[in-house]
Amino acid sequence: MNMPLASLPLESLVFDNRFVRELPGDPQTANHRRQVENACYSLVLPTKVSSPRLVAYSREVTDLLNLSEATCESPLFTEVFVGNRLLPAMVPFAMCYGGHQFGNWAGQLGDGRAINLGEVVNHRGERWVLQLKGAGPTPYSRRADGLAVLRSSVREFLCSEAMFHLGIPTTRALSVVTTGEQVLRDMFYDGHPKNEPGAVVCRVAPSFLRFGNFEILAARGETGLLQKLVDYTIRTDFPHLGPPSPETYSRWFEEICRTTSAMILHWMRVGFVHGVMNTDNMSILGLTIDYGPYGWLEGFDADWTPNTTDAQGRRYCFGNQPHIGQWNLVKLANAIYPLVNKDEPFKEALALYNQLFQQGWNKMMADKLGLQAFNAATDDLLIAELLELLQGVETDMTIFFRNLAQVTMSENGKNGNIQDLPDWLMEACYQPQQLNEDYRKKMTGWLHAYLARLQRDNLPDEVRQRRMNRVNPKYVFRNYLAQRAIDKAETGDFSLVGELLELLRRPYDEQPGKEEFAVKRPEWARNRAGCSMLSCSS
Ligand code: AMP
Ligand code: MG
């Protein structure tokens, strides 16, 4: 009898642990902090916890693994994905990587609180690495404890799934489980540590390799191992590039430039700010990875960063993300240079990054505005003027673009000279007192120009609206929504986590009855920790 695919028990997951099989590991197996040379990983076991409780799991990710609802709700599932029990084919390990943090080489970092359980091959032949975050220390934990708290775990779990449903490349999250243990955290590094509930997220991705996995080997002069890891990566995750060779390495780098540029364009489209774009947080597959002090733009502001650690330099603010993407790619290029030994391919790929970003940006903005196609002659100015208006007066980015679709072409005739700001626009404005004469004049002027531009395209309103609503989400994982779910979860009530998970599965749909989750940030959240200010402490 053929068992239906969607009802496989946990024990039937098929593992093929290629990373540990093909690459050299650390010969030491004791779990103490150390520098790990000439190796890509260290074997390490998750730490057992006292009383795990399942907070939530993602249906779409369980589908990828062909797990049934009953399996996910079984005690074994919770035990395995908190790290208390291993399935027989699991070979847990932590990876060695380094990174440039805030512009400086930081040496060995590594999976300090991530433990890979193994690589599952699903019924479609896809490879999915399962990784626990917060399951205890590893040789790479440095001075930290290897743990994670509930607030940051809920943020990672919900945001990675929200990003996926927005159509943005990302690592996925299978589950989040509380451990029953307390974890001491000084949230703002200001001498006020507090006990918080511990939790473990199980992340899922085809690969968790970062730029930093390659950088550490180059920095140590371990060129042979660097080549081994690059060849492994190409064979495993980029087989379409052909067998490894210096030419293949160049094409590989070019592809990373492409995927990184595409990922950051998506972030810019939806107002996502990663918050810590260190090279150890850059996925080799161009996936959004390591959800820490990230945030979503409320008021449109290129200088905004949610990360208090970065409040001074604003290196990782919204508007700087495209530039930092390239800066990080330069660091990766330096790392793999010894395998190619030519400047040109790298220079060309880095130039391509800029070009793709610029083209992509123009197309993305045209899509957000509902234009048929970007036309530099008219649209450069239209877009620049709009961004200046949005930046000048605190305007909710998500609501503005979503509501802009409500403009109808007949409005031009009806309100030949729009005197006042339309209601849909007022819904996006945070501070009515900012809307002075000058702004009103400029904004109504812009709306006229926009309507005239739409007339030239002459797309039916409904067609344009439908297109705009596919790129301008109604629901994003607003910072204050995350905080509401966390506040509740910390009292043991996980209902809002479940409700938001459900809501964020369809971010582009209107979802009548759910409008309370699409409104602008309430005033209580303006300066509240966790809503507008986050730190790396999680
Ligand atoms: P992040 O800023 O979260 O990307 O982390 C940078 C480095 O610090 C990575 O090597 C992490 O694994 C490590 N790290 C962060 N938090 C912890 C923790 N609580 N315990 C151990 N290592 C950590
Ligand atoms: Mg990280």
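Ligands are counted one by one from 1 in listed order, and the atoms in each one are counted from 1 as well. Values below: all heavy atoms of this structure, side chains included; hydrogens, waters and symmetry mates excluded. All values reported here derive from a predicted model rather than from experimental measurement.
Between Ala144, Gly99, Gly110, Gly134, it is Gly110 that holds the heavy atom closest to atom 9 (C) of ligand 1.
Scanning all protein heavy atoms for the shortest distance to atom 20 (N) of ligand 1 gives Gly146 N, 2.7 Å. The protein atom (non-hydrogen) at minimum distance from atom 7 (C) of ligand 1 is Arg142 NH2, 3.1 Å.
Look at Glu490 and Arg151 and you find no salt bridge, because none of the NZ, NE, NH1 or NH2 atoms lies under 4.0 Å from a carboxylate O. Glu22 and Lys228 are not joined by a salt bridge, as no carboxylate oxygen comes within less than 4.0 angstrom of a charged side-chain nitrogen. Between Lys488 and Glu499 no salt bridge is recorded (no basic side-chain N to carboxylate O distance below 4.0 Å). With respect to Lys520 and Glu394, no salt bridge is recorded, no charged nitrogen being found less than 4.0 Å from a carboxylate O. Salt-bridge formation is detected for the pair Glu60/Arg505: a Lys NZ or Arg NE/NH1/NH2 atom is positioned less than 4.0 Å from an Asp or Glu carboxylate oxygen. Checked for salt-bridge contact, Arg251 and Glu255 miss the test: no charged N lies under 4.0 Å from a carboxylate O. The existence of a salt bridge linking Glu196 and Arg185 is excluded, since no basic side-chain nitrogen approaches an acidic carboxylate oxygen closer than 4.0 Å.
At a heavy-atom distance under 4.0 Å, only side-chain atoms of Arg185, from C-beta outward, approach ligand 1. For Leu109, heavy-atom contacts with ligand 1 shorter than 4.0 Å involve the backbone as well as the side chain.
Here's the thing with Tyr140: none of its N/O atoms is less than 3.5 angstrom from an N/O atom of ligand 1. Considering both main-chain and side-chain atoms, Arg113 comes within under 3.5 Å of ligand 1 through a nitrogen or oxygen pair. Polar contact with ligand 1: absent for Asp111 (N/O pair, distance under 3.5 Å).
Here the two rings, on Trp296 and Tyr475, have centers that are 6.0 Å apart or farther. In summary, the aromatic rings of Phe81 and Phe77 are positioned with their centroids under 6.0 Å apart. Ring to ring, Phe102 and Tyr316 are close: their centroids are under 6.0 angstrom apart.
The closest approach of Asp290 to the Mg ion (ligand 2), by N/O/S atoms, is made by OD2.
Taking a 4.0 Å cut-off on heavy atoms, Gly292 fails to register as neighbouring ligand 1.
Close approach to Asp145 involves these atoms of ligand 1, each under 4.0 Å from a residue heavy atom: 18 (C), 19 (N), 20 (N). When each atom of ligand 1 is checked for a heavy atom of Asp290 under 4.0 Å away, the hits are 4 (O). Heavy-atom proximity to Gly112, at under 4.0 Å, picks out these atoms of ligand 1: 12 (O), 20 (N), 21 (C), 22 (N). Atom numbering of ligand 1 starts at 1 in the shown order; those under 4.0 Å from a heavy atom of Gln101 are 6 (C). Within ligand 1, counting atoms from 1 as listed, the ones closer than 4.0 Å to a heavy atom of Leu147 are 19 (N). Residue Asn281 approaches ligand 1 through these ligand atoms, each under 4.0 Å from one of its heavy atoms: 4 (O). Heavy-atom contacts of Asp280 reach the following atoms of ligand 1: 4 (O), 6 (C) (cutoff under 4.0 Å).
Although no hydrogens or angles enter the test, the distance criterion places a donor-acceptor pair under 3.5 Å between the side chain of Asn307 and the main chain of Gly275. Side-chain N or O atoms of Asn320 include one that pairs as donor or acceptor with a backbone N or O of Arg315 at under 3.5 Å.
Using a 4.0 Å threshold on non-hydrogen atoms, atom 22 (N) of ligand 1 counts as touching the protein.
Among the atoms of Asn278, none of the N, O or S atoms falls under 2.8 Å from the Mg ion (ligand 2).
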